[in-house]
Each structure stands twice: as C-alpha cells, then as structure tokens.
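Quantities reported herein were computed from a predicted structural model and do not represent experimental measurements.
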Amino acid sequence: MSVLQIAPCSHLLNIPGSEFTSVEKPIGMAFRDFSARASQLPRAAKAIAMPDSLTLREIKARPVVLKLKRPVVARIVTISEWPLVLIDLVTEEGIVGRSYLEPYIVKSLRYLVPALHDLGELLRGRSVAPVELFEAARKSLHFVGYEGLSMIAASGLDMAAWDALAKAANKPLCVLLGATVGAVRSYNSNGLWLKEPAAVAAEALELRDEGGFSALKLRLGRSDPREDLTTLDAVRKAVGDRMHLMVDYNQGLNLAEAIERCHAIDDYGLDWIEEPVVYDNLDGHAQLAAELKTPIQIGENFYGPREMHKAIARKACDLVMPDFMRIGGVTGWMRAAAIAGAAGIPISTHLYPEVAAHVMRATEAAYWLEWQDWADPILERPYEIKDGLLHIPDTPGVGLEWNEAAVAAHLASV
C-alpha cells in the first residue's frame with residue numbers, strides 16, 4: 001500500500017484527529033492507527049485502506065480454563081473444566097487474525113502454548129498465506145509426526161491465518177471462500193450426557209428452547225443398556241416425533257457391545273449413531289455400517305483429510321464430521337469437504353461453531369453444524385442462534401473478538 005493511497009482517507013472518512021494528513025508518518029504505524037479508528041466504520045468505507053498483503057509478526061497464545069455449565073459425563077471421561085487456547089496472529093500491517101483451540105485436557109495447554117509460540121518464531125516475516133503457513137508448520141514437526149499435538153497447533157495457526165486474510169480482504173470468511181453470508185442449520189449438543197432418564201428428558205426441552213432447535217444430540221453408553229433405551233424413550237416422548245435425534249457413544253463400546261446395542265436402537269428413527277467403538281477401529285465401524293439401517297457417523301478424530309479418505313474408502317461410515325483442530329483448520333476442512341463431496345458423503349462439523357458456520361456455507365455436502373456455546377464466555381460477541389439456525393455476522397473475518405475481562409478472569413498458568 002502506498003502513502004498516496006492512505007493520505008486521502010482521513011479526509012474522505014472524516015476521522016477526527018487523524019494523522020493521515022501528513023505523508024511523513026511511517027506506513028506501518030499509520031496503518032495501525034487508522035485500523036483502530038476504522039474498526040467502527042462500515043465495511044464499505046474500511047475497504048479503502050486495506051493492505052494488499054500481510055506479513056506475520058508474532059503469534060500470541062493464551063491459555064484459558066472455563067467451567068462447563070453442563071459437565072461432560074461420557075462413558076470414557078468426565079470433564080467439568082474446559083481448556084481453550086486463544087490465538088492472536090499479529091501482522092506487521094496491524095491486522096490481527098484470531099482463532100481458538102479446545103484441546104479437552106487442561107494439561108495439554110502446557111504443550112500447545114509453547115508450540116504455537118515456537119511456530120510464531122519459525123514463521124516470523126512470512127507472508128500470511130494460510131495454505132503455505134499450514135504446510136510449513138506441519139513440515140517443521142515432520143519427525144514427531146503429523147498427528148496429535150502437531151496437527152492441533154498447525155490447525156490453530158491455520159484458522160487464525162484465514163481470519164487475518166479475510167479481514168485484510170474486508171470480507172467475511174465465507175465470502176472469501178466464494179459463498180455468501182447467511183444462516184446454517186444446527187443441532188444443539190450442549191448437554192444430554194449420562195444422567196438419569198427423567199433428567200435427560202427435562203434437559204432436552206431446555207436445549208430445544210435455547211435456540212428453537214429441531215435437532216438434539218444425546219449420549220449413550222450407560223453400564224446397563226436398558227437405561228439407554230429408557231432414556232431414548234423419555235427424550236422422544238418429551239420432544240416429540242418431529243425432533244431430529246442423534247446419539248453418540250463417545251467410543252465407549254467394544255465391538256461385541258456395539259453390535260448388540262446398535263441393533264437394539266436401529267428402529268428408533270435416529271439421524272445417526274456416532275463413534276460406537278474406538279475411533280481408529282475402521283473395520284468395526286465398517287461392519288456396523290454394513291449391518292445397520294441407521295447411518296454411522298465418525299470423523300472428529302480424523303487427523304487430516306487423508307484419514308477421512310481412508311475411512312470412506314473402507315466404507316467405515318455413512319457420514320463424516322471432522323473436527324477443526326484435527327482435520328487441519330480451514331485448509332484441512334476445505335480439502336476434506338472436497339473428498340466428501342466427490343464421494344457423496346454428507347459432512348457435518350464438530351465443535352468450533354463460528355468458523356464452522358463460514359466453511360459450511362462453502363461446502364458442497366454440508367449436513368449439520370454442531371452447536372456448542374462452550375467458548376461463549378470469552379467472546380465479545382457470540383454468534384446468534386435462532387430457529388435452529390446459526391447466523392453469521394456480516395463482518396470481516398470470522399468475527400471473533402475476545403472479552404478481555406472474561407479472559408483475564410479465567411487465564412490459566414502453564
């Protein structure tokens with residue numbers, strides 16, 4: 001961007017006290033000053049001063065731990081504290097790309113935060129080209145493997161880079177990806193864990209009414225399978241026959257248990273049965289998919305698009321639902337979405353509803369968005385959910401801004 005392009009902006013936009021009447025101020029400092037003031041202006045006006053390219057200066061990663069309103073109670077785990085890593089990708093031009101990670105285990109923050117800072121040092125001075133940054137991040141960790149924490153860190157970087165790029169283009173991310181701003185069909189996944197049947201049925205009504213939802217997901221896998229059936233009956237009676245219901249075993253069964261239990265619920269009219277056995281047992285999932293009428297859903301544990309391709313090729317599922325921190329952020333999602341589209345496999349999202357909404361608008365085989373509000377306490381402006389639809393704000397990037405008071409109150413030490 002040249003000084004001649006910047007200089008007239010204060011006159012055209014009538015920004016009080018602007019330094020842009022002088023062409024002598026350093027361009028980087030001038031743009032940061034202007035960007036702060038311009039953040040309150042309409043998107044069309046801000047477009048005048050957007051930079052042509054971005055340069056990565058720094059990655060800031062902050063660990064936060066929140067208390068869950070409805071603790072996770074699954075067959076394999078109980079979680080009451082929810083860890084997040086808040087990522088700020090700072091550019092020399094003053095634009096900040098934002099994303100967050102949800103790594104499940106509080107202790108994982110000890111490894112992810114330093115890894116992200118290391119990636120920031122490695123990539124300092126590079127152009128903010130998300131595909132290239134993602135590949136550079138992955139290859140830098142090649143000898144410790146592409147899966148696990150390596151992929152999670154690279155995915156967090158990728159989502160922040162795409163946010164920065166969309167902000168620089170002055171477009172919502174979905175528009176940058178070739179789609180339009182709009183609403184995305186969502187199901188509520190905020191609760192319905194392994195509690196007493198009556199309590200789950202009552203909570204189903206609460207979750208339905210949180211945003212006018214037409215779809216809910218509940219978890220199964222109690223020690224007595226009859227209690228699962230009683231719970232399903234209670235929920236169905238409470239919410240009615242027109243409510244879409246998905247169930248998730250959270251990888252809690254062995255194959256023998258899964259065969260028995262999944263056949264027992266095969267006539268319940270469920271939208272899907274999710275991860276009945278451990279995620280990497282593709283042969284077991286393939287057997288279940290072949291035997292059952294109810295679709296088998298897997299995918300939140302795909303580490304990269306190739307793993308999804310393997311599962312589809314082995315007929316291990318009828319549906320897929322990649323998780324953004326494992327599939328590879330936005331870059332990995334778009335590659336995975338192309339595979340799903342070519343195979344004719346409906347694709348849903350897992351966690352990260354904000355970035356999920358944007359990519360779903362640009363996804364051929366888009367099915368359901370998983371709605372969870374677990375990150376809302378640290379967001380300045382959480383997305384609106386209404387009539388079962390998640391509404392994307394018409395703002396540049398993904399639309400993530402941190403509630404700094406809430407962040408300070410929940411900051412964790414690692």
4.5 Å side-chain heavy-atom contact, [X] and [Y]:
X	Y	answer
D241	R236	yes
H358	V184	no
P172	T395	no
I259	Q287	yes
L411	R62	yes
V200	V235	yes
I327	S155	no
L216	L192	yes

Has [X] got a side-chain atom pairing as donor or acceptor with [Y]'s backbone, closer than 3.5 angstrom?
X	Y	answer
S99	M159	no
D163	V398	yes
N188	F213	no
D387	L389	no
N250	G252	no
E58	V90	no
E257	N254	yes
Q372	S189	yes
H117	A61	yes
T91	I95	yes

Between [X] and [Y], which heavy-atom pair has the shortest distance, and what is it?
X	Y	value
A115	A153	CB-CB, 4.3 Å
L119	I59	C-CD1, 4.2 Å
I296	P276	CD1-CG, 4.4 Å
V65	L109	CG2-CD1, 3.9 Å
A316	I298	O-CD1, 4.0 Å
L177	A362	CB-CB, 3.9 Å

Note: [X]-[Y] ion pair, threshold 4.0 Å (strictly below):
X	Y	answer
E260	R226	no
R219	E203	no
E227	K195	no
E135	R138	yes
D233	K237	no
E92	R124	no
E93	R57	no
K293	D267	yes
D88	R98	yes

Taking atom [atom1] of [X] and atom [atom2] of [Y], what is their separation to the nearest 0.5 Å?
X	Y	atom1	atom2	answer
L112	L84	CG	CG	11.5 Å
D318	L292	CG	CG	8.5 Å
R361	L369	CZ	CG	12.0 Å
I339	I347	CD1	CD1	9.0 Å
L194	R75	CG	CZ	9.0 Å
D271	M243	CG	CE	11.0 Å

Is the distance between the ring centroids of [X] and [Y] less than 6.0 Å?
X	Y	answer
H244	W368	yes
Y352	Y100	yes
W371	Y187	no

Does any donor atom in the side chain of [X] or [Y] lie under 3.5 Å from an acceptor atom in the other side chain?
X	Y	result
D248	W272	no
W162	T331	yes
E370	T349	no
E404	W402	no

Set out, in order, the CA-CA distance, both residues' side-chain angles and the distance that settles side-chain contact (heavy atoms from CB on, under 4.5 Å) for C317 and Q297, then state yes or no. CA-CA 6 Å; C317 56; Q297 172 77 276; over 6 Å; no
May I have the step-by-step check of side-chain contact (heavy atoms from CB on, under 4.5 Å) for Y249 and R261, ending in yes or no? CA-CA 10 Å; Y249 281 101; R261 292 188 181 214; 3.7 Å; yes
For atom [atom1] of [X], is the number of surrounding heavy atoms from other residues, nucleotides or ligands below 6.0 Å larger than 12?
X	atom1	value
E380	CD	yes
H309	NE2	no
E291	CD	yes
E210	CD	yes
I76	CD1	yes

side-chain contact (heavy atoms from CB on, under 4.5 Å) between E354 and D376: does it pass, once the steps are laid out? CA-CA 10 Å; E354 301 85 13; D376 277 10; 4.3 Å; yes
Side chain to side chain donor-acceptor pair (under 3.5 Å) between N301 and E275, intermediate numbers included: CA-CA 10 Å; N301 289 290; E275 285 195 328; 2.9 Å; yes
Name the orientation class of the two ring planes belonging to F324 and W333 (parallel below 30°, tilted from 30 to 60°, perpendicular beyond 60°). parallel
Verdict with reasoning, K217 to E274, per salt bridge (Lys or Arg N to Asp or Glu O under 4.0 Å): CA-CA 10 Å; K217 184 163 78 178; E274 185 175 334; 2.9 Å; yes
Verdict with reasoning, R185 to Y367, per side-chain contact (heavy atoms from CB on, under 4.5 Å): CA-CA 8 Å; R185 184 176 73 156; Y367 194 34; 3.4 Å; yes
Candidates K310, K315, R314 - the one meeting salt bridge (charged side-chain N to carboxylate O under 4.0 Å, His left out) with D283: R314
